[in-house]
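For the numbers below, each heavy atom of this structure counts, side chains included, while hydrogens, waters and symmetry mates do not. Letters go in sequence order (proteins before strands), and every chain restarts at 1.
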There are 2 protein chains.
Amino acid sequence: MAQKKRVTIQDIARKANVSKSTVSRVLNDTTPVAPEKETAVLAAIAELNYQPNIFARGLAGGQSLSIGALTQNIGSAFYDTIMRGIISGLKGSGYSPIFTDGRWELEEQQNSLQTLLERRVDGLIVVGGTLSGAALSKINEQVPVIVVARELEELQERCLFVDNQQAAYDATRFLIEAGHKQIAHITGEAAHQDTHRRKAGFVQAHADAGIELNPDLIVEGTFRRQSGILAVETLFTRGNSFSAIFAANDQMAFGARLALFRRGIRVPEDISLIGFDDQPDSAYMTPPLTTVRQPADLLGETAAAYMLQLIKKKPFTPPPFTTDLIIRESVALFR
Amino acid sequence: MAQKKRVTIQDIARKANVSKSTVSRVLNDTTPVAPEKETAVLAAIAELNYQPNIFARGLAGGQSLSIGALTQNIGSAFYDTIMRGIISGLKGSGYSPIFTDGRWELEEQQNSLQTLLERRVDGLIVVGGTLSGAALSKINEQVPVIVVARELEELQERCLFVDNQQAAYDATRFLIEAGHKQIAHITGEAAHQDTHRRKAGFVQAHADAGIELNPDLIVEGTFRRQSGILAVETLFTRGNSFSAIFAANDQMAFGARLALFRRGIRVPEDISLIGFDDQPDSAYMTPPLTTVRQPADLLGETAAAYMLQLIKKKPFTPPPFTTDLIIRESVALFR
DNA sequence: ATAATGTTTGAAACCGGTTTCAAGACGAAC
DNA sequence: GTTCGTCTTGAAACCGGTTTCAAACATTAT
């Protein structure tokens with residue numbers, strides 16, 4: 001059953017005794033139309049429950065009314081929150097988002113990108129990832145690009161990100177102020193920009209506090225839970241003592257926490273732990289994890305708003321993004 | 001810069017010295033074409049880097065080559081895994097997925113549905129949610145619908161789901177066999193089908209084991225972390241003793257675990273805990289959570305494969321889906 | 001050799017919108 | 001009363017594909 005024939009603009013035109021052109025005009029509000037005709041058209045649209053054909057519109061108008069969003073891990077809390085921000089930022093604009101998942105793999109990112117471009121998105125929001133700035137810059141010539149949670153030289157004003165170094169600095173300083181002097185750091189994956197920024201903040205905080213940093217206390221991780229476990233094992237293998245760990249993200253903090261648990265080491269009584277991202281589960285860690293919160297929702301919403309302005313070729317100045325240290329219970333004063 | 005003009009089928013035709021029709025034919029493989037012409041067309045396509053215009057194709061062919069997927073919480077591990085399954089199941093088929101998020105709110109689900117329908121998806125995969133069977137059944141008249149993780153009378157053969165009752169039965173039985181006799185259950189939200197199935201399994205396991213079940217040990221939750229905390233508080237307020245908790249999902253198990261932690265109650269030494277879903281974080285709980293695993297990836301992949309067959313109007317019989325009890329460290333023998 | 005059949009092929013119609021263009025209506029200015 | 005400019009409107013072209021249709025050609029049967 002169902003409606004055998006879809007209602008077209010022609011049907012509306014006929015019903016309202018006007019031409020297709022006029023219907024199109026009231027639909028898009030491009031040219032003034034006599035009030036009584038407009039009313040008639042609107043009535044016909046309502047009565048016939050007309051839905052414009054998106055393909056015809058896209059074909060004729062050259063617009064898809066969709067924004068592509070390429071994230072790296074739909075399903076991770078951080079990306080999810082950004083996505084929700086994008087959704088809500090686009091709400092009511094007539095544009096709808098199309099999400100794809102790059103899975104942190106370059107090939108997958110390229111495929112996803114290809115898919116979005118084939119779908120003729122009117123704008124592209126890239127969240128994280130490892131696509132080169134040059135590549136994105138080239139795409140930006142075709143369709144406006146905004147980059148979230150990453151900083152690219154080539155697309156300077158199009159990047160929305162927080163000051164990762166400062167955030168890591170704050171986190172480290174918090175540990176130092178709590179009396180910790182021997183602090184370990186589990187870094188992210190080397191290929192990531194954030195990894196280096198956060199590490200730099202960690203280092204800087206030591207320097208500013210006049211604490212000598214033992215390079216053996218820095219262990220390379222991958223941003224994944226598993227690597228948090230490995231990192232802690234590595235730390236103990238190396239044999240240096242430490243009273244706190246700063247993990248470059250919450251997932252690794254979870255891994256570290258499990259590794260400590262396995263060794264019967266208490267958190268925070270024996271060793272303090274601090275993460276980065278404030279993913280939802282972190283508040284439910286035992287003990288609840290002290291961590292750095294990024295305004296992921298705001299980043300997403302801003303990206304959407306920015307994109308809408310970009311499409312309209314209007315100027316836009318993104319607000320500053322600040323991070324917050326969420327103090328919970330995984331950090332103790334060093335006795 | 002960029003390509004000022006997009007390459008069209010006409011350009012290819014000209015270059016290969018054939019007509020548009022012929023190009024279209026080699027593109028879609030609908031009618032045999034002379035080998036030498038086919039080669040010429042293919043060469044032209046490669047040389048000019050031709051990408052078909054998806055709108056023109058959709059308009060002319062009446063196909064969008066996209067599959068809509070409506071999930072409830074992009075970002076929750078369970079939905080995420082299903083989504084990945086859908087992505088991988090669709091890979092190479094020419095169809096690409098469009099995801100929307102219903103957020104477990106009816107209005108949002110309806111909006112999302114509307115968006116997908118406007119986008120003229122060729123198929124719709126609904127994951128969970130609260131849209132009525134009648135509503136979905138009606139949509140199924142327009143476009144094939146598959147429902148994942150939910151069972152609907154109206155769309156019987158289109159539903160892919162696991163036996164929640166059996167899975168909950170297994171989990172409960174595991175606790176009983178470990179010697180637990182007073183087991184608490186934190187249910188999901190009443191509006192959900194799964195909630196009742198899981199509860200039924202919990203009840204049935206008691207009956208089969210000849211253990212009388214104290215109804216005070218069943219507390220209503222909402223599937224959210226927070227409700228796990230509340231549920232544990234409620235249990236202690238009620239004052240009944242119990243040695244194990246079966247939470248209807250992992251998130252609530254996390255909440256319960258935190259509540260126990262706050263009270264200084266050890267898991268599993270004092271109270272055992274078992275969850276449902278096996279979300280990634282669960283393996284990193286302290287102690288790692290024993291839980292029920294649903295084959296979410298398989299569900300997603302199957303949904304995609306099923307949809308492709310449906311579109312081709314071919315028959316398809318989904319494989320059986322089984323759950324696994326993932327035994328970790330949150331359950332102890334009752335002494 | 002002729003008729004019947006089958007295979008390739010291009011022209012043209014079509015999908016459902018948007019946009020250009022020119023004509024018609026109308027009020028203001030001369 | 002003309003002329004001019006502005007506003008509203010419909011016809012037609014166009015976007016870039018797919019599909020129908022009939023013609024052209026090749027193949028086989030009679």
Nucleic acid contacts of residues 12-23 of chain A, taken as heavy-atom distances under 4.0 Å to DNA chain C: A:K20, A:S21

Nearest-0.5 Å distance that lies between atom [atom1] in [X] and atom [atom2] in [Y]:
| X | Y | atom1 | atom2 | result |
| --- | --- | --- | --- | --- |
| B:E108 | B:T130 | CD | OG1 | 11.5 Å |
| B:K138 | B:L131 | NZ | CG | 13.5 Å |
| A:I12 | A:N17 | CD1 | CG | 12.5 Å |

First of A:A60 and B:A56 reached from the 5' end of DNA chain C, by closest nucleotide: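 It is B:A56 whose nearest nucleotide is closer to the 5' end.
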
Atom-pair distance ([atom1] on [X]; [atom2] on [N]), nearest Å:
| X | N | atom1 | atom2 | result |
| --- | --- | --- | --- | --- |
| A:Q10 | C:dG17 | CD | C1' | 11 Å |
| A:L59 | D:dC14 | CG | C1' | 9 Å |
| B:E118 | C:dG16 | CD | C1' | 15 Å |
| A:I9 | C:dG17 | CD1 | C1' | 6 Å |
| B:N28 | D:dT20 | CG | P | 13 Å |
| B:F55 | C:dG16 | CZ | C1' | 13 Å |
| A:E36 | D:dT8 | CD | P | 11 Å |
| B:I54 | C:dG17 | CD1 | P | 18 Å |

Closest to the B:R25 side chain, choosing from C:dT18, C:dT9, D:dG16: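 Of the options given, the side chain of B:R25 lies nearest C:dT9.
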
A:D297 versus A:T81, side-chain donor and acceptor atoms under 3.5 Å: no

Under 3.5 Å side-chain donor-acceptor pair for A:N140 and A:R158: yes

Does OP1 or OP2 of [N] have a side-chain N or O of [X] closer than 4.0 Å?
| X | N | answer |
| --- | --- | --- |
| A:N53 | C:dC15 | no |
| A:S24 | C:dT18 | yes |
| B:K37 | C:dT7 | no |
| B:R57 | D:dG16 | no |

Donor-acceptor contact present, side-chain B:D29 to main-chain B:V26, <3.5 Å: no

B:F99/A:F99 aromatic ring centres below 6.0 Å: no

Axis deviation across the helix from C:dA1-D:dT30 to C:dC30-D:dG1, five-pair ends, to the nearest 10°: 50°

Smallest separation among heavy atoms of A:L116 and A:G68, with atom names: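 That closest heavy-atom pairing would be CD2-CA, 3.9 Å.
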
Verdict with supporting geometry, A:V147 and A:R150, side-chain contact (heavy atoms from CB on, under 4.5 Å): CA-CA 6 Å; A:V147 179; A:R150 211 173 147 206; 3.6 Å; yes

